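Quick note on labels: first sequence line is chain A, next is B, and so on, each numbered from 1. None of these values were measured; they are calculated from a predicted model. All values below come from the heavy atoms of this structure, side chains included, with hydrogens, waters and symmetry mates left out.
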Protein chains: 2
Amino acid sequence: MATGRTHRPATRSRGIPEATVARLPLYLRALTALSERSVPTVSSEELAAAAGVNSAKLRKDFSYLGSYGTRGVGYDVEYLVYQISRELGLTQDWPVVIVGIGNLGAALANYGGFASRGFRVAALIDADPQMAGKPVAGIPVQHTDELEKIIDDDGVSIGVIATPAGAAQQVCDRLVAAGVTSILNFAPTVLNVPEGVDVRKVDLSIELQILAFHEQRKAGEEAAADGVVPPAVARKQRPTDQGPDGDVPAVMPA
Amino acid sequence: MATGRTHRPATRSRGIPEATVARLPLYLRALTALSERSVPTVSSEELAAAAGVNSAKLRKDFSYLGSYGTRGVGYDVEYLVYQISRELGLTQDWPVVIVGIGNLGAALANYGGFASRGFRVAALIDADPQMAGKPVAGIPVQHTDELEKIIDDDGVSIGVIATPAGAAQQVCDRLVAAGVTSILNFAPTVLNVPEGVDVRKVDLSIELQILAFHEQRKAGEEAAADGVVPPAVARKQRPTDQGPDGDVPAVMPA
DNA sequence: ATGTCTTTGTGAACGCGTGCACAAAGATGG
DNA sequence: CCATCTTTGTGCACGCGTTCACAAAGACAT
Ligand SMILES: NC(=O)c1ccc[n+]([C@@H]2O[C@H](COP(=O)([O-])OP(=O)(O)OC[C@H]3O[C@@H](n4cnc5c(N)ncnc54)[C@H](O)[C@@H]3O)[C@@H](O)[C@H]2O)c1
Ligand SMILES: NC(=O)c1ccc[n+]([C@@H]2O[C@H](COP(=O)([O-])OP(=O)(O)OC[C@H]3O[C@@H](n4cnc5c(N)ncnc54)[C@H](O)[C@@H]3O)[C@@H](O)[C@H]2O)c1
């Protein structure tokens with residue numbers, strides 16, 4: 001027993017449900033677009049459509065932030081942009097370190113959407129000595145040895161891990177020990193962190209597998225009821241499949 | 001009204017809850033690692049620890065697949081790997097197209113974890129004529145004009161969008177029209193798709209904003225400990241802060 | 001003012017997901 | 001064959017999240 005893992009207090013963030021927090025950036029994005037078009041106000045219905053959610057859900061989400069709407073009119077775009085930005089902590093500047101400047105790390109470093117919302121790349125860090133000093137996206141890569149100093153000097157509290165899976169936990173431990181309390185993990189590993197440290201993961205492989213599951217399901221349903229073809233597509237042929245194997249436990253991927 | 005968007009039947013995937021499906025890849029990864037170490041069996045407790053979940057949850061998840069465990073012993077690793085792989089549709093080969101071979105698209109193309117579980121990069125597609133023919137990760141980039149033909153020829157049903165946000169919906173429409181029914185979207189936009197098409201999104205910016213929210217909350221609670229400081233403002237020191245800039249409500253991001 | 005019309009904010013019901021706790025199943029040893 | 005011990009599989013309760021549906025709030029016209 002005693003998995004030694006984090007207990008999720010989950011939803012108790014001083015009132016605002018976690019699910020709502022996860023949608024606020026979505027609303028903010030839609031609102032920012034409206035703001036750029038100088039649209040003064042939006043109704044919950046319009047904004048919900050733009051954000052791809054149910055309008056009742058959106059209204060309830062906003063109700064957690066306060067009563068910022070005007071009945072019969074809608075929400076003031078600028079005001080709402082400010083309120084959400086403030087709630088998300090985007091009115092301040094968040095220095096971020098990226099660890100592991102390989103294919104993905106470099107892409108992240110080059111990503112413009114980073115800086116656009118108050119996230120500043122404070123440093124790029126890699127263990128490879130040959131990369132030290134080499135500029136990526138205009139920022140010189142620094143060696144892992146400097147990690148603690150950088151985090152301390154810049155007051156970095158958010159770290160991005162883009163190292164191979166094998167190094168991720170180790171890197172994570174160092175980040176946490178140095179003072180980082182929020183981690184965005186791209187490596188396909190479960191990270192162990194002490195209480196109080198937030199970890200979010202982005203896992204391409206998992207996303208694809210979930211898609212594959214549904215894809216297979218669609219194909220299966222279609223085959224099942226040939227009388228009623230579900231609106232999907234009615235695929236002419238299947239992905240690849242029907243190969244000579246198909247039942248052999250050809251599992252054991254790398 | 002009539003947002004014109006998809007109705008999510010969500011959880012009704014012939015018994016298996018969506019939340020369970022999302023965890024299966026996690027279990028599979030842990031099991032694969034055990035398999036490589038030639039571990040014959042695992043208990044739900046051990047496997048749950050490795051996957052970072054509650055053991056009861058794991059057992060319940062597996063119960064949706066059938067009764068594959070042995071009481072008093074645990075689960076047979078190889079057998080479970082096979083069962084989960086089959087359930088996820090990984091015993092077959094899924095050709096995938098990546099559209100938008102920029103920083104991110106190239107990183108994805110180079111990503112080894114792609115092929116490792118039955119996902120095969122069928123084609124790399126970009127609108128830039130200058131990229132046509134140029135090999136990325138050993139695969140020549142093809143022009144967008146070829147998109148429909150490629151999808152049709154290879155029976156591609158999964159597409160990855162890594163274009164700028166402005167082009168994403170357009171690309172999505174073409175993919176769907178050509179027969180793709182599952183999309184993994186990296187562009188920061190809400191995609192509109194017809195019923196029967198699955199979309200999953202990976203949004204770096206949203207993840208960071210969620211982290212920032214919690215980070216701000218932590219800082220607020222910490223401050224509130226001594227006096228009562230309204231958690232929003234009045235920070236003593238913040239991540240970076242105290243810099244020459246850093247206090248201007250630099251809201252209104254791009 | 002008064003009435004009408006639009007849109008918010010939310011009470012309430014429902015369904016999904018989670019985790020506890022335990023009975024049953026089976027292994028293992030004597 | 002029986003006793004004991006381990007671990008699964010699941011019934012059950014609870015809480016979160018979603019959605020409906022509507023009263024109240026306010027804009028706007030007359
Ligand atoms: N490339 C992708 O599209 C992609 C997609 C999803 C997930 N991932 C994951 O992201 C991670 C990085 O992928 P990649 O393709 O960029 O790999 P990569 O091999 O190109 O880059 C890894 C980098 O990490 C550095 N590194 C290794 N150990 C380190 C350590 N201890 N400290 C600091 N730096 C260290 C290496 O020097 C290298 O530069 C992997 O875990 C991969 O599974 C990548
Ligand atoms: N780079 C990152 O780390 C990162 C992170 C998160 C999200 N994103 C998002 O991923 C997307 C790509 O990011 P990037 O950094 O690779 O951008 P990029 O500009 O480097 O690459 C975009 C590529 O898409 C191609 N393209 C443009 N329009 C196209 C079309 N209609 N059809 C096909 N190809 C087209 C361009 O030619 C270019 O090669 C963006 O939406 C970005 O917001 C990137």
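Rounded to whole angstrom, the span from the CG atom of B:D76 across to the P atom of D:dT8 amounts to 13 Å. Remark: P of D:dT18 and CD of B:E18 are 14 Å apart, rounded to the nearest angstrom. Following rounding to the nearest Å, B:D61 (CG) and D:dT10 (C1') show an atom-to-atom distance of 13 Å. Atom OH in A:Y64 sits about 8 Å away from atom P in D:dG17, given to the nearest Å. When rounded to the nearest whole Å, the span between CG of A:L58 and C1' of C:dT7 equals 12 Å. Per the geometry, CZ belonging to A:R23 stands 12 Å off C1' belonging to D:dT19, to the nearest Å. Across the protein-nucleic acid pair, B:E45 atom CD and C:dC20 atom P stand 10 Å apart, rounded to whole Å. Between B:I16 atom CD1 and C:dG17 atom P there is a gap of 12 Å when expressed in whole angstrom units.
Within the structure, ring-ring contact (aromatic ring centres under 6.0 Å, His included) contacts touching residues 21-54 of chain A (residues at least two apart or in different chains) are A:Y27-A:F62. For the salt bridge (charged side-chain N to carboxylate O under 4.0 Å, His left out) condition, the pairs that include at least one residue of residues 61-70 of chain A, sequence neighbours left out, are A:R23-A:D61.
No side-chain donor-acceptor contact under 3.5 Å links B:T20 to the backbone of B:I16. Side-chain atoms of A:K218 come within 3.5 Å of backbone atoms of B:G196 as a donor-acceptor pair (strictly under, hydrogens ignored). Judged purely by atom type and a 3.5 angstrom limit, A:T32 uses its side chain to pair as donor or acceptor with the backbone of A:L28.
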Fill in: side-chain contact (heavy atoms from CB on, under 4.5 Å) between B:D76 and B:Y68, worked out
CA-CA 8 Å; B:D76 182 277; B:Y68 296 148; over 6 Å; no
Worksheet item: Step by step, would you call A:Q209 with A:S205 a side-chain hydrogen bond (donor to acceptor under 3.5 Å, both in side chains)?
Response: CA-CA 6 Å; A:Q209 288 174 54; A:S205 179; 3.0 Å; yes
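Between B:Y75 and D:dG9, a side-chain N or O to OP1/OP2 separation shorter than 4.0 Å is present. Side-chain nitrogen and oxygen atoms of A:S44 include at least one within less than 4.0 Å of the OP1 or OP2 phosphate oxygen of C:dT8. Residue A:Y68 places none of its side-chain N or O atoms closer than 4.0 Å to OP1 or OP2 of C:dT7.
In the set D:dT18, D:dT10, C:dT8, D:dT10 carries the atom at the smallest distance from any side-chain atom of B:R59. For B:P17, the listed nucleotide lying nearest its side chain is C:dG17; candidates were D:dC20, D:dT7, C:dG17. Listed nucleotides: D:dT19, C:dC20, C:dT10. Nearest to the side chain of B:N54: C:dC20.
A salt bridge is absent between A:R217 and B:D198: the closest approach of a Lys/Arg side-chain nitrogen to an acidic carboxylate oxygen does not fall below 4.0 angstrom. Between A:R29 and B:D203 a salt bridge is recorded (basic side-chain N to carboxylate O distance below 4.0 Å).
Listed here is the closest heavy atom pair of A:W94 and A:G89: NE1-O, 2.6 Å. Of all non-hydrogen atoms in A:S44 and A:L58, the two that sit nearest each other are CB-CD2, 3.7 Å.
Rounded to 10 degrees, the angle separating the terminal axes of the helix from C:dA1-D:dT30 to C:dG30-D:dC1 is 10°, with each axis obtained from five end pairs.
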Item to complete: List the protein contact pattern of nucleotides 25-30 of chain D with one symbol per nucleotide (5' to 3'): B for base contact, S for sugar-phosphate-only contact, - for none; contact means a heavy-atom distance under 4.0 Å.
Response: BSS---
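Listed by chain and residue number, nothing satisfies the side-chain hydrogen bond (donor to acceptor under 3.5 Å, both in side chains) test with B:T189 (two or more places apart in sequence, or in another chain).
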Contact list (N/O, under 3.5 angstrom) for nucleotides 11-15 of chain C vs protein:
unit_1	atom_1	unit_2	atom_2	d
C:dG11	O6	A:K60	NZ	3.2
C:dA12	N6	A:K60	NZ	3.0

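At a threshold of 4.0 angstrom between heavy atoms, the contacts of A:F62 with the nucleic acid are absent.
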